[in-house]
Amino acid sequence: MPIFIKNEAEIKKIRIASTIAADVLEMIEKYIKPGISTEKLDTICSNYILYKKNAISACLGYLGFPKSTCISVNDVVCHGIPNNKKLLKNGDIVNIDVAIIKNKWYSDTSKMYFVGKPTILGERLCKITQEALYLALKKIKPGICTSIIGKTIQNYVEKNNFSVVRNYCGHGIGKNFHEDPQILHYFSQKKGIILKPGMVFTVEPMINAGNHLTRIMKDKWTVKTKDRSLSAQYEHTVLVTKTGCEILTLRKEEKINSQLIN
Ligand code: MF3
Ligand code: CO
Ligand code: CO
């Protein structure tokens, strides 16, 4: 697939989808409490997306995925399937990943939540993961190679004695949920591509407290750390601008500008 450069009208539509996705992550915060099931959280998100925002979940039915959100708890790296038997408990770390289709255009974002009081390790893992994402976003501008993103994330994460998951990466997004370019979150010899204004893609590092290896469960979706260590992820959809990038899925709570001049 080619890498699509989005025009102003297209960017406007991705921006609308992105705001909805960010709103979902803000809306669900107050429900994250010990005892609630991940299925209940999914139902609340699903109703909000459909009836409050008149939008569609990009996850529901995607390659057969059965729910509207991915909810990944503790050692689940990504693609956790919301389930009525999975109840949150004090100290859990939880990722909710929301992808939206609005007027045929896509957005994709995720963040970590603490259930009750976090453990020292859980809190540190989430903090380092979000900082790694922000450091990478602060490098994005026309003319740089995508490989800088992975290098920046891996450097920072390994300095902090955590590891970067290799098996899943960020992706171009727009008229498709996943399109080129691939955004690796670690350094690889693979040649990346040079960024240009109008490119839109996600950066979504998955960071493990133990080693980087993962395995897929029998449900064919749930990805866990192989060593059962904790895993965290933050994801934003970003637009490459003339001078840097714009975080399209920024939430109010975040202490970073949406427009990064890099
Ligand atoms: N939202 C995920 C991503 O960041 C993809 C989830 S696909 C699903 O790319 F089918 F599991 F929903
Ligand atoms: Co994504
Ligand atoms: Co996502």
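Fair warning: this is a prediction, and the values are worked out from it, not measured in the lab.
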Next on the checklist: The test is side chain to side chain contact (heavy atoms under 4.5 Å, CB included); show your working for Ile261 and Thr241 and say whether it passes.
Outcome noted: CA-CA 9 Å; Ile261 315 281; Thr241 60; over 6 Å; no
Checklist entry - What is the minimum heavy-atom distance between Ile14 and Gly174, and which atoms define it? => result CD1-CA, 3.9 Å
Item to check | Thr237-Asp108 side chain donor-acceptor pair, cut-off 3.5 Å | outcome: no
Checklist outcome for this item: To the nearest 0.5 Å, atom NZ of Lys52 lies from atom CG of Asn47 at 10.5 Å
Item to check | From Ile128 atom CD1 to Asn160 atom CG, the distance as rounded to the nearest 0.5 Å | outcome: 3.5 Å
Next on the checklist: Are Ile93 and Leu125 packed together at the side-chain level, in the sense that at least one heavy-atom pair is separated by less than 4.5 angstrom?
Outcome noted: yes
Checklist entry - What about the rings of His79 and Phe65, do their centers lie closer together than 6.0 Å? => result no
Next on the checklist: Checking side-chain polar atoms at under 3.5 Å, does Glu254 have a donor or acceptor matched by the opposite partner on Tyr134?
Outcome noted: yes
Item to check | Side-chain donor/acceptor of Asp219 to backbone N/O of Trp221, under 3.5 Å | outcome: yes
Next on the checklist: Distance check, rounded to the nearest 0.5 Å: Ile247 atom CD1 versus Ile140 atom CD1?
Outcome noted: 8.5 Å
Next on the checklist: Is there a side-chain contact between Leu137 and Val238 in this structure, where contact means two heavy atoms from C-beta onward sitting under 4.5 Å apart?
Outcome noted: yes
Item to check | Tyr31 and Ile36, any side-chain heavy atoms less than 4.5 Å apart | outcome: yes
Checklist entry - Of all heavy-atom pairs between Asp180 and Pro2, which one has the smallest distance, and what is that distance? => result CB-O, 4.1 Å
Under 3.5 Å donor-acceptor pairs involving side-chain atoms of residues 182-198, not counting sequence neighbours:
from, atom 1, to, atom 2, distance (Å)
His185, NE2, Glu204, N, 2.9
Ser188, OG, Lys190, N, 2.8

Checklist entry - Hey, are Glu26 and Lys111 close enough for a salt bridge, meaning a charged N less than 4.0 Å from a carboxylate O? => result no
Tell me which donor-acceptor pairs under 3.5 Å the side chains of residues 54-64 have, and how far apart each pair is, sequence neighbours excluded?
from, atom 1, to, atom 2, distance (Å)
Ser57, OG, Cys59, N, 3.0
Ser57, OG, Leu60, N, 3.1
Ser57, OG, Ser68, O, 2.8
Tyr62, OH, His178, ND1, 2.8

Item to check | Check: Glu39 main-chain N/O paired with Asn83 side-chain donor or acceptor under 3.5 Å | outcome: no
Checklist entry - Is Val98 reachable from Tyr234 through a run of I, L, V, M, F, W or Y residues, each pair having side-chain heavy atoms under 4.5 Å apart? => result no
Next on the checklist: My understanding is that only residues two or more places apart in sequence, or in another chain, count here; which of them pass ring pair (Phe, Tyr, Trp, His ring centres under 6.0 Å) with Tyr113?
Outcome noted: none
Item to check | Flag side-chain contact, heavy atom, 4.5 Å: Val115 against Val94 | outcome: yes
Checklist entry - Rounded to the nearest 0.5 Å, how far apart are CG of Leu250 and OG of Ser258? => result 6.0 Å
Next on the checklist: Ring-plane angle category for Tyr106 and Phe177, please: parallel below 30°, perpendicular beyond 60°, tilted otherwise.
Outcome noted: parallel
Checklist outcome for this item: Minimal heavy-atom distance between Thr249 and Ala22, with the atoms involved, is O-CB, 3.4 Å
Side-chain donor/acceptor pairs under 3.5 Å, residues 206-215, sequence neighbours excluded:
from, atom 1, to, atom 2, distance (Å)
Asn208, OD1, Ser231, OG, 2.7
Asn208, ND2, Asn211, O, 2.9
Asn211, OD1, Leu213, N, 2.9
Thr214, OG1, Asn167, ND2, 2.8

Checklist entry - Heavy-atom distance under 4.5 Å between the side chains of Ile149 and Phe201, does that happen here? => result yes
Next on the checklist: Is it true that Asn84 and Ser37 share a donor-acceptor pair across their side chains at a distance under 3.5 Å?
Outcome noted: no
Checklist entry - Got a sec, which residues hit ring pair (Phe, Tyr, Trp, His ring centres under 6.0 Å) with Phe162, two or more places apart in sequence or on another chain? => result none
Checklist entry - Between Thr109 (side chain) and Glu235 (backbone), is there a donor-acceptor pair under 3.5 Å? => result yes
Item to check | From CA spacing to verdict: side chain to side chain contact (heavy atoms under 4.5 Å, CB included), Thr225, Leu230 | outcome: CA-CA 7 Å; Thr225 56; Leu230 289 180; over 6 Å; no
Checklist entry - Under 4.5 Å between side-chain heavy atoms, hopping through other hydrophobics if needed: is there a path connecting Ile3 to Leu239? => result no
Checklist entry - Using 4.0 Å as the upper bound for N to carboxylate O, is an ion pair formed by Glu246 and Lys6? => result no
Next on the checklist: Any non-hydrogen side-chain atom of Val203 less than 4.5 Å from a side-chain atom of His236?
Outcome noted: no
Checklist entry - Roughly how far apart are Ile20 CD1 and Ile101 CD1, rounded to 0.5 Å? => result 11.0 Å
Checklist entry - Is a side-chain N or O of Thr202 found less than 3.5 angstrom from the main chain of His171, in a donor-acceptor match? => result yes
Checklist entry - Which residue pairs pass the side-chain hydrogen bond (donor to acceptor under 3.5 Å, both in side chains) test when at least one of the two sits in residues 140-155, sequence neighbours left out? => result Lys139-Thr152, Gln154-Glu158
Checklist entry - Is the count of non-hydrogen atoms from other residues, nucleotides or ligands lying under 6.0 Å from Lys40 atom NZ greater than 12? => result no
Checklist entry - Any chance CD of Glu8 has more than 12 other-residue heavy atoms, nucleotides or ligands included, within less than 6.0 Å? => result no
Next on the checklist: Quick one: does any side-chain atom of Ser46 pair with a main-chain N or O of Asp42 as donor and acceptor, under 3.5 Å?
Outcome noted: no
Next on the checklist: side chain to side chain contact (heavy atoms under 4.5 Å, CB included) for Leu133 and Ile153? Distances and angles first, verdict last.
Outcome noted: CA-CA 7 Å; Leu133 171 60; Ile153 291 170; 5.8 Å; no
Checklist entry - Roughly how far, to the nearest 0.5 Å, is OG of Ser107 from CZ of Arg15? => result 12.5 Å
Checklist entry - Shortest non-hydrogen contact from Cys245 to Asn262? => result N-ND2, 4.1 Å
Checklist entry - For Leu25 and Ile28, which heavy atoms make the closest approach, and how far apart are they? => result O-CG2, 3.6 Å
Next on the checklist: Applying a strict under-4.5 Å side-chain criterion to I, L, V, M, F, W and Y, I'd like to know whether Ile173 and Tyr168 cluster together.
Outcome noted: no
Next on the checklist: Salt bridge check, Glu131 against Lys127: does any charged N sit closer than 4.0 Å to a carboxylate O?
Outcome noted: yes
Item to check | Side-chain heavy atoms of Val73 within contact of Lys86, under 4.5 Å | outcome: yes
Checklist outcome for this item: Correct closest heavy-atom pair for Thr38 and Ile81 would be OG1-O, 4.4 Å
Next on the checklist: Run the side chain to side chain contact (heavy atoms under 4.5 Å, CB included) test on Met1 and Asn176 for me, step by step, so that the C-alpha distance in whole Å, both residues' side-chain angles and the decisive distance to 0.1 Å come before the verdict.
Outcome noted: CA-CA 11 Å; Met1 243 202 293; Asn176 305 289; 3.9 Å; yes
Checklist entry - Counting distance only, does the side-chain N/O of Asp92 pair as donor-acceptor with the main-chain N or O of Lys89 below 3.5 Å? => result yes
Item to check | Qualifying residue, where the test is side chain to side chain contact (heavy atoms under 4.5 Å, CB included) with Val223 and the options are Cys70, Ser72, Cys78 | outcome: Cys78
Checklist entry - Does the side chain of Lys175 come within less than 4.5 Å of Phe4's, by heavy atoms? => result no
